[in-house]
Colleague: 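Here it is, the structure in full.
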2 protein chains.
Amino acid sequence: MSPKPMARPGGRSARVQEAVHAAVRELEAEQGRAKLTVPAVAARAGVTPSTIYRRWGDLQELLSDVAVERLRPEEPPSDHGALHADLTAWARQFLDEMASPPGRAYVRDALLGDPDGSNAGQCSAYAAGQVETILARALDRGETAPPVETVMDLVVAPMMYRILFRPDPLTAAYADHLVETALAAPEESA
Amino acid sequence: MSPKPMARPGGRSARVQEAVHAAVRELEAEQGRAKLTVPAVAARAGVTPSTIYRRWGDLQELLSDVAVERLRPEEPPSDHGALHADLTAWARQFLDEMASPPGRAYVRDALLGDPDGSNAGQCSAYAAGQVETILARALDRGETAPPVETVMDLVVAPMMYRILFRPDPLTAAYADHLVETALAAPEESA
DNA sequence: ACCTTAAAGCAACATCATTGCGTTCCGCCC
DNA sequence: GGGCGGAACGCAATGATGTTGCTTTAAGGT
């Protein structure tokens with residue numbers, strides 16, 4: 001649901017949506033979240049506040065929308081020629097991005113203004129898609145690979161849990177450890 | 001940080017805090033979250049809105065505060081005489097409570113109004129404490145038990161991840177599966 | 001019992017959220 | 001290609017919420 005279902009996808013609506021999203025990114029970068037308010041975003045985007053309220057409902061939903069867009073992976077995971085190397089590299093990068101202060105903020109925002117959970121589902125789908133790509137490549141090479149669900153449970157979930165629920169810093173070594181566990185696990189799954 | 005650090009713990013401050021918390025619970029039960037607003041809570045609690053704004057900052061922090069209180073376990077996990085049975089029973093109950101609509105709401109609230117992450121950390125600490133109790137009992141009996149961190153990573157984290165990021169319903173069988181995995185894991189950890 | 005001071009009350013003010021109505025412009029069909 | 005229907009936007013007024021300085025109360029220490 002990143003871009004809300006637009007009955008009128010082209011032209012002005014699209015321009016407004018882009019302008020508003022850009023305004024959010026700019027204001028966030030310039031003044032931080034505290035100064036982010038619907039009227040402020042509207043002014044920067046050259047739109048009236050009522051437009052934003054009508055399209056997004058409130059600030060949280062708008063931020064959630066923007067956050068999900070930022071969390072969308074921009075390219076498929078890099079190919080290192082072997083499952084273990086691919087997964088390790090991906091997990092490290094994922095942890096790095098998500099555990100960073102901006103990453104944490106995006107995740108929180110995505111979860112926040114999301115009454116039906118569709119934005120959060122989208123985030124999970126992004127990660128699952130990346131993992132899926134890595135595993136499919138491994139199978140293509142003739143390697144044995146665990147199911148996606150196993151990797152989600154053993155690698156992605158622990159990282160996200162710690163990011164959300166624990167203040168402690170996280171290291172690449174932790175990501176490596178989780179990958180080891182996942183690849184050592186029996187091949188069946190939930 | 002459930003009860004904010006009160007320089008004046010006794011007497012009126014305590015009464016006000018309790019009244020406000022009670023007002024939140026009542027209004028939430030009576031009218032749902034949509035109608036929950038700071039002035040409304042203040043009116044029900046018999047306080048002025050400014051008191052709430054000063055003590056909690058905004059509605060989200062107040063809700064986070066109340067949510068954490070509700071997530072505090074009320075009793076130690078039940079003792080079934082064996083590690084496997086104890087963990088399975090606890091995991092099922094935990095999943096049941098957290099995956100329910102009110103449970104999801106509390107978790108989200110707790111994460112939400114929590115700039116420094118201390119409330120979220122408290123939630124995690126509650127779960128870790130319960131697990132710790134179960135594992136300590138097992139060791140007392142002479143059973144071998146994995147470290148707390150392993151159980152957090154292999155049982156708690158996957159459940160919370162799915163609760164937060166996926167709309168799909170979760171079953172007791174899933175909790176059982178996670179416990180199996182955790183108890184089958186090698187004894188070392190992160 | 002007094003003094004100190006954190007915390008609550010009060011009230012005015014600023015800002016934000018909401019809504020009805022008129023206008024614009026997209027997308028479609030003739 | 002020109003007009004038609006309707007969705008989305010702009011504008012402006014209104015009500016609700018968030019914010020702040022000053023005053024008053026009462027808890028806790030001396």
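Treat the numbers as computed from the prediction; the structure is a model and nothing was measured. Just so we're on the same page: letters track the sequence lines, and every chain starts at 1.
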Colleague: Enumerate the residues from residues 43-50 of chain B whose closest heavy atom to DNA chain C is under 4.0 Å, giving them by residue number; use none for an empty result.
Modeller: B:Gly46, B:Val47, B:Thr48, B:Ser50
Colleague: Working to the nearest 0.5 angstrom, can you tell me the gap between B:Leu83 CG and B:Arg137 CZ?
Modeller: 10.0 Å
Colleague: Roughly how far, to the nearest 0.5 Å, is the OH atom of A:Tyr174 from the CZ atom of A:Arg92?
Modeller: 15.0 Å
Colleague: Measure the CD-OG distance between A:Gln93 and A:Ser78 for me, rounded to the nearest 0.5 Å.
Modeller: 7.0 Å
Colleague: Going by atom types only, do A:Ser64 and A:Asp114 share a side-chain donor-acceptor pair under 3.5 Å?
Modeller: no
Colleague: Please determine, for the side chain of A:Pro39, which listed nucleotide (C:dC16, C:dG9, D:dC9) has the closest atom?
Modeller: C:dC16
Colleague: Rounding to an integer number of Å, can you tell me how far A:Arg15 CZ sits from D:dG10 C1'?
Modeller: 15 Å
Colleague: Would you tell me if any nitrogen or oxygen in the side chain of B:Arg54 comes within less than 4.0 Å of OP1 or OP2 on D:dT20?
Modeller: no
Colleague: Is it true that the side chains of B:His84 and B:Glu143 contain a donor and an acceptor less than 3.5 Å apart?
Modeller: no
Colleague: If only side-chain N and O atoms of B:Arg55 are considered, is one of them under 4.0 Å from the OP1 or OP2 phosphate oxygen of C:dG9?
Modeller: no
Colleague: Output the rounded distance in Å from CD (A:Gln17) to P (D:dA7).
Modeller: 19 Å
Colleague: Without decimals, in angstroms, what is the distance between B:Ile52 CD1 and C:dC10 P?
Modeller: 14 Å
Colleague: Take atom CG of A:Asp58 and atom P of D:dT17, then tell me their distance rounded to the nearest Å.
Modeller: 14 Å
Colleague: Is there a donor in the side chain of B:Arg72 and an acceptor in the side chain of B:Gln122, or the other way round, less than 3.5 Å apart?
Modeller: no
